[in-house]
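Heads up, the thing below is written out as structure tokens.
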Amino acid sequence: MRASVIGTAFGKITSFGYGVYRAGRNLCLGMILAVGAAQAETVTIAALGDSLTQGYGLPIEDGFVPQLEVWLQGQGADVEVINAGVSGDTTSGGLSRVAWTLTPDVDAMIVNLGGNDLLRGIDPAVSRANLDGILSAASEAGVEVLLVGLDAPSNYGPAYEVAFEGMYPELAEAHGAELYENFFAPLNAGDDINAARAQYMQADGIHPNADGVDQIVQGIGPAVLGLISE
């Protein structure tokens with residue numbers, strides 16, 4: 001009887017010990033799997049911009065965001081790019097909606113704004129203040145930013161041109177953001193800019209066609225890879 005009681009008690013203790021071991025083992029495995037899942041988590045990039053980002057005049061798959069996402073994935077990046085481009089948007093419009101663009105799942109952001117400010121002749125000081133607000137919001141959210149610049153036309157005068165083009169590198173440096181100096185740089189790289197524009201721009205002369213977007217993506221793509229590597 002005593003031996004039976006001891007045996008029964010020992011069996012319970014052994015069972016209890018194994019149960020604790022098994023629970024601990026499962027907890028450790030769960031933690032390992034969770035860490036692995038976190039390490040393999042898809043990087044989410046929000047592309048905040050205007051019609052150049054939105055893909056004006058193009059089928060959805062030919063727009064800037066879808067082509068960029070395909071290019072990045074082709075480089076082995078586990079990434080999703082969210083289209084936060086709105087046609088006609090100015091830097092003011094971007095500032096007004098940056099808060100709800102920076103959702104908790106956004107890891108990085110491309111800021112491609114200023115083209116409509118140029119078209120409207122908005123004071124560069126106003127554009128600069130708006131971009132500064134956007135970059136500040138991203139910094140507060142802990143989101144890395146690639147700021148995309150534009151070349152200003154000379155018809156507004158040299159002072160306007162210098163102030164507009166200069167705000168991008170100055171703001172990038174002030175906020176510790178990455179900088180891609182000119183969205184259209186790949187289309188301006190050849191000897192015959194007019195021929196390139198005829199080949200790569202839509203009829204309006206403002207927005208790139210599908211081939212133009214392809215060239216732009218190949219130019220900016222490495223900068224976006226550098227951004228998400230951080």
Side-chain angles (χ1 to χ4, degrees), residues 44-72 80-102 106 108-124 126-131 133-135 137-138 145-153 155-156 160-161 164-165 167-168 171 179-188 193-194 196-221 223-224 227:
T44 300
I45 305 171
L48 181 69
D50 48 34
S51 56
L52 297 176
T53 301
Q54 182 265 335
Y56 176 86
L58 298 172
I60 292 175
E61 65 274 12
D62 289 337
F64 173 72
V65 168
Q67 287 207 49
L68 176 62
E69 183 176 86
V70 169
W71 188 92
L72 292 169
E80 176 188 10
V81 187
I82 298 172
N83 195 337
V86 174
S87 290
D89 222 359
T90 61
T91 55
S92 176
L95 178 60
S96 70
R97 58 193 178 85
V98 68
W100 55 262
T101 299
L102 291 168
V106 170
M109 183 166 68
I110 300 168
V111 178
N112 181 26
L113 288 163
N116 289 305
D117 297 53
L118 276 177
L119 291 175
R120 301 180 188 186
I122 293 173
D123 185 346
V126 174
S127 303
R128 183 189 184 104
N130 292 330
L131 289 173
I134 291 170
L135 294 174
V145 172
L146 175 65
L147 181 61
V148 182
L150 288 169
D151 281 347
N155 55 304
Y156 291 124
Y160 187 103
E161 186 176 4
F164 186 90
E165 293 179 1
M167 69 182 177
Y168 292 101
L171 285 170
L179 175 68
Y180 186 73
E181 292 186 355
N182 184 6
F183 183 79
F184 289 107
L187 307 189
N188 298 333
I193 294 178
N194 291 329
R197 289 188 174 277
Q199 181 179 357
Y200 294 121
M201 300 296 286
Q202 296 181 42
D204 62 9
I206 297 174
H207 300 93
N209 58 28
D211 290 337
V213 172
D214 177 70
Q215 294 296 310
I216 289 167
V217 164
Q218 291 186 49
I220 198 174
V224 180
L227 175 71

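Since we're looking at a predicted model, the values are computed, not measured.
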| query | Would you call the rings of Tyr160 and Tyr156 parallel, tilted or perpendicular if under 30° counts as parallel and over 60° as perpendicular? | reply |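 Tilted: the ring planes of Tyr160 and Tyr156 meet at 30° to 60°.
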| task | Measure the shortest side-chain to side-chain distance between Thr101 and Val106 over non-hydrogen atoms and say whether it is less than 4.5 angstrom. | result |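 Counting from C-beta outward, Thr101 and Val106 never come under 4.5 Å.
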| query | Does the side chain of Asp214 reach to within under 4.5 Å of the side chain of Val217, using non-hydrogen atoms? | reply |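 Heavy-atom side-chain distance check fails, nothing below 4.5 Å.
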Looking at [X] and [Y], what are the two nearest heavy atoms and their distance?
X: Phe64; Y: Thr53; result: CB-O, 4.0 Å
X: Phe164; Y: Gly114; result: CZ-O, 3.5 Å
X: Asp151; Y: Leu118; result: O-CD1, 3.6 Å
X: Ser51; Y: His207; result: OG-NE2, 2.7 Å
X: Leu150; Y: Asn182; result: CA-OD1, 3.9 Å
X: Glu80; Y: Glu69; result: CA-OE2, 3.3 Å

To the nearest 0.5 Å, how far apart are [atom1] in [X] and [atom2] in [Y]?
X: Ser92; Y: Leu113; atom1: OG; atom2: CG; answer: 10.5 Å
X: Trp71; Y: Gln218; atom1: CH2; atom2: CD; answer: 8.0 Å
X: Ile216; Y: Phe183; atom1: CD1; atom2: CZ; answer: 4.0 Å

| message | Before you tell me yes or no, could you show the steps for Gln199 and Asn209 under side-chain contact (heavy atoms from CB on, under 4.5 Å), namely the whole-Å CA-CA distance, both residues' side-chain angles and the distance that decides it to 0.1 Å? | response | CA-CA 8 Å; Gln199 181 179 357; Asn209 58 28; over 6 Å; no
| How far apart are the C-alpha atoms of Ile45 and Leu68, what are their side-chain angles, what is the distance that settles it, and do they pass the side-chain contact (heavy atoms from CB on, under 4.5 Å) test? | CA-CA 11 Å; Ile45 305 171; Leu68 176 62; 6.0 Å; no
| Judged by modelled atom types alone, do Asp50 and Gln54 share a side-chain donor-acceptor pair under 3.5 Å? |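 Not at all, the side chains of Asp50 and Gln54 share no donor-acceptor pair under 3.5 Å.
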| Quick one: does Asp117's side chain have a donor or acceptor within less than 3.5 Å of a partner on Thr91's backbone? |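 Yes; judged by distance alone, with no hydrogens or angles, the pair exists.
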| Heavy-atom donor-acceptor pair, Gln202 side chain to Tyr56 backbone, under 3.5 Å |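 Checking the backbone N and O of Tyr56 against the side chain of Gln202, a donor-acceptor pair under 3.5 Å is found.
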